[in-house]
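Below, chains carry the letters A, B, ... as their sequence lines are ordered, and counting in each starts from 1.
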Amino acid sequence: MELLVQQLFNGLTVGSVYSLVALGLTLVYGILHIPNFAHGALYMLGGYVTLTMMLLWGLNYWLAIVISILVIGLLGVLMERLVFHPLRKAPPIHDKIAAIGILLFLEALAQLIWGADYRTMSTPYGQVINIFGITFTMQRILINVGAIFVMVMLYLFLKKTFVGSAIIAMSQNREGAHLVGINTNKVAMLTFMISGGLAAIAASLSAPINLVFPGMGHLVVLKAFVIIILGGMGSIPGAIVGGYILGFTESLGATYISNDYKDLIAFLLLVIILSIKPQGLFAKGGH
Amino acid sequence: MQAFLNQKTITAAFILLAVAFPILTQNNYFIYIVTLSFIWMIGVYGLNLLAGYTGYLSLAHAGFFAVGAYSLGILTVKAGINYWAALVLACLITSFIGLLIGLIALRTKEHFFAIYTLCVGYILYLVIYNWESITGGVRGLIGIPAPSNIGPISFQNPLSQYYLVLFFLLFTILMMYRIVHSLSGRTFIAIRNSEELAQTIGISTMKNKLVVLVLSTFFAGLAGALYASFIRFIGPDIGYITITFDLLMYLLVGGIGTLAGPIVGTLLLVWVSQYLQFLQDYRMLIFGPLLTLIIIFYPRGIVGAIYSWKMKLGKKAKRTSDRGKSSGHDKGTGSMAEKKVEEG
């Protein structure tokens with residue numbers, strides 16, 4: 001029983017990280033219909049920027065995260081301006097290839113700047129808490145609370161503010177949004193900014209329990225793709241629910257089935273889902 | 001007619017150059033590099049048929065390449081089967097796996113297909129990595145035999161291996177030429193341009209796409225099998241996603257959806273990579289932005305750029321000749337339209 005609860009908690013933690021990454025992906029997909037393969041690189045750079053800020057400048061963990069969000073957000077905007085904007089009228093295959101080009105570049109850049117070593121990020125929240133015989137580390141609790149906080153804020157932003165409604169309007173119908181006077185360029189840039197920021201938050205929160213290295217984004221972003229297919233491409237609640245489903249499945253699968261093949265679970269899930277429903281589970285109509 | 005003759009002579013010249021190359025250089029290192037790029041070319045041609053002519057971007061081709069390589073390795077090292085039988089079997093196994101995956105994967109479209117195949121590629125890699133009893137896991141397979149003799153011809157030295165690989169490359173190119181210029185090739189291009197439209201004129205898109213995927217994986221498997229017997233050692237890394245990206249880059253730089261593209265791109269990039277060896281892992285600092293820039297400014301690569309440049313010249317020449325005689329007009333546009341179809 002204790003093992004089960006412990007694993008459920010782990011699943012919740014992993015799921016939170018997945019959800020945050022998938023949210024960034026799904027936002028970009030919803031607005032621009034680009035599967036941003038470079039999102040993993042943004043995630044990885046987010047981890048590195050936070051780490052560097054803490055080590056080099058000796059900044060506080062939270063301040064480092066804020067800087068990381070800004071840096072990665074701006075990087076996202078830069079990507080949109082320089083690459084995806086010129087390609088907005090090109091066939092869909094071009095966006096994907098361009099995104100792969102960015103991914104390769106950013107990974108090589110990270111390796112050049114920080115080296116290929118695995119690094120650990122120390123956290124000010126290393127305490128261990130014991131509740132009913134189950135141990136939690138503060139950092140893991142922080143991940144859960146932080147992720148939920150970010151999700152709620154994002155929800156409020158999208159639903160209650162004017163700019164948020166503009167983003168939703170554009171994901172529903174680009175031309176329509178343009179007709180009622182929404183500046184689609186600005187919204188696209190803003191979306192990339194948010195997407196990058198979410199990746200930076202996810203990486204900064206999860207880095208202390210994982211490691212920071214140039215390839216850290218590979219698996220996470222692949223799983224995030226699985227999640228947004230699971231949750232319907234472009235659907236925000238779908239990304240959150242899908243993230244937690246995958247988190248739980250993985251942590252339970254690793255305990256009760258096989259630890260070696262736990263990374264396969266996500267992909268098998270995807271293969272099964274797409275075999276039955278080629279458009280994803282909660283696909284929206286229209287596209 | 002003249003353009004066709006021209007093309008024919010150019011092709012013949014290139015084949016002659018390829019045949020004479022080892023005699024001209026006498027440098028074993030160069031021969032080694034060119035042989036290796038020939039092997040990659042075969043794989044790139046496979047990818048080209050699927051991504052370039054049919055419009056389905058598969059990100060699992062490194063996985064298929066690895067399946068071909070491992071099939072050959074396992075069949076010859078562990079099962080002790082004759083090399084040539086193993087080579088044929090390796091190609092068949094790869095295309096069979098391609099068929100199975102295609103049955104599911106091809107129900108998806110565009111982004112879904114790319115993401116799906118990305119995941120399939122990762123599954124293939126993980127299976128190879130984790131299935132230690134068969135694949136040797138992270139240590140890989142050692143001691144894969146070189147091609148066994150055919151009568152008096154042996155394939156032990158680099159020179160004979162070069163000609164063997166060249167033979168397979170020419171076979172691949174011939175196949176591609178025949179496919180692309182056949183009715184099936186036109187059908188594939190129709191699917192690429194608009195799948196709905198292709199369906200409305202009575203094309204069974206699923207069947208055609210499946211044929212393309214099987215052919216495409218066949219060539220990926222052939223390239224993998226040749227790679228295994230050329231390098232004599234394989235590890236799980238050859239199935240990793242970076243290899244897919246390499247193949248994709250060769251294809252894009254050369255020209256996606258063109259027949260000459262894979263040759264130009266692979267030769268150029270493998271050659272440049274040799275000069276950039278001091279950069280090692282950092283070569284992507286150059287190739288990554290290159291890939292992005294090419295897709296923005298020259299979406300059809302070097303060969304595509306040459307084509308459009310030629311077409312522009314042709315237009316100019318036509319305009320000047322039109323002033324002389326107006327009767328040549330129809331013929332000019334006719335042959336131009338033909339050319340447009342030729343390059344797909």
Side-chain angles (χ1 to χ4, degrees), chain A residues 29 33-35 37-38 41 79 82-87 90-109 111-112 116 214-215 218-219 221-223 225-226 228-229 233 258 260-261 263-264 266-272 274-280 283 287, chain B residues 51-52 55-57 59 101 103-116 118-127 129-132 137 192-193 240-242 244-246 248-249 251-252 256-257 279-297 299:
Chain A
Y29 187 84
H33 299 279
I34 298 168
F37 289 117
M79 248 162 65
L82 293 181
V83 180
F84 294 117
H85 185 71
L87 280 173
I93 204 169
H94 292 185
D95 297 325
K96 281 174 275 191
I97 293 165
I100 290 171
I102 302 171
L103 167 78
L104 295 173
F105 170 70
L106 290 179
E107 268 184 26
L109 189 69
Q111 203 168 335
L112 181 73
H218 283 177
L219 261 181
V221 80
L222 271 178
K223 286 174 187 168
F225 271 120
V226 173
I228 65 171
I229 289 180
M233 302 279 262
S258 153
D260 281 353
Y261 288 95
D263 289 333
L264 269 178
F267 304 120
L268 289 179
L269 209 62
L270 177 82
V271 170
I272 294 165
L274 282 188
S275 315
I276 302 163
K277 294 200 72 171
Q279 296 296 317
H287 38 258
Chain B
Y56 275 72
L57 179 65
L59 296 177
I101 288 169
L103 281 174
I104 302 165
L106 286 170
R107 297 177 56 191
T108 62
K109 274 182 195 166
E110 289 180 7
H111 306 315
F112 289 96
F113 184 79
I115 296 168
Y116 190 90
L118 187 69
C119 293
V120 166
Y122 209 79
I123 292 175
L124 289 174
Y125 168 76
L126 280 180
V127 167
Y129 193 93
N130 283 324
W131 200 0
E132 243 174 78
R192 179 190 69 189
N193 291 345
Y240 200 59
I241 187 76
T242 44
T244 305
F245 292 161
D246 276 347
L248 199 60
M249 202 157 56
L251 179 58
L252 269 159
I256 189 166
L279 283 173
Q280 288 175 4
D281 294 332
Y282 307 124
R283 65 198 177 93
M284 284 304 168
L285 280 177
I286 296 168
F287 288 148
L290 182 74
L291 192 65
T292 312
L293 287 176
I294 279 191
I295 202 71
I296 296 176
F297 295 108

- Quick one: what part of B:Leu59 sits under 4.5 Å from any heavy atom of chain A, side chain, backbone, both or neither? side chain
- Query: Can you say whether A:Leu219 sits under 4.5 Å from chain B via the side chain, the backbone, both, or neither, judging by heavy atoms?
  - Reply: side chain
- Message: Restricting to non-hydrogen atoms, name the atom on B:Leu248 and the atom on A:Ile97 that form the minimum distance, rounded to 0.1 Å.
- Response: CD2-CG1, 4.1 Å
- Query: Using a cut-off of under 4.5 Å for heavy-atom pairs, which of B:Ile256, B:Leu126, B:Thr242 has the most such pairs with chain A?
  - Reply: B:Leu126
- Where does B:Ile101 contact chain A at under 4.5 Å (heavy atoms): side chain, backbone, both or neither? neither
- Query: Side chain, backbone, both or neither: which part of A:Leu87 has a heavy atom under 4.5 Å from chain B?
  - Reply: side chain
- Between A:Ala108 and B:Leu285 the two heavy atoms that sit nearest each other are CB-N, 3.7 Å
- Hey, does A:Phe105 have a side-chain heavy atom less than 4.5 Å from the side chain of B:Leu291? no
- Query: Looking only at heavy atoms, what is the nearest atom pair of A:Pro86 and B:Ile296, with distance?
  - Reply: CB-CG2, 4.0 Å
- Calculate, to the nearest 0.5 Å, the distance between atoms CZ and CZ belonging to A:Phe37 and B:Phe245 respectively. 7.5 Å
- Note on the structure: Ranked by heavy-atom pairs below 4.5 Å to chain A, first place among B:Phe113, B:Tyr129, B:Tyr116 goes to B:Tyr116
- Non-hydrogen atoms of A:Leu222 and B:Cys119 that approach each other most closely: CD2-SG, 4.4 Å
- Item | Straight-line distance of A:Ile100 CD1 to B:Leu118 CG, nearest 0.5 Å | 7.5 Å
- Nearest heavy-atom pair of B:Gly288 and A:Leu104: which atoms, and what distance? CA-CB, 4.4 Å
- Query: Just how far is it from atom OH of B:Tyr240 to atom NE2 of A:His218, taken to the nearest 0.5 Å?
  - Reply: 4.5 Å
- Can you name the side-chain hydrogen bond (donor to acceptor under 3.5 Å, both in side chains) partners of B:Tyr56, sequence neighbours left out? B:Glu195, B:Lys209
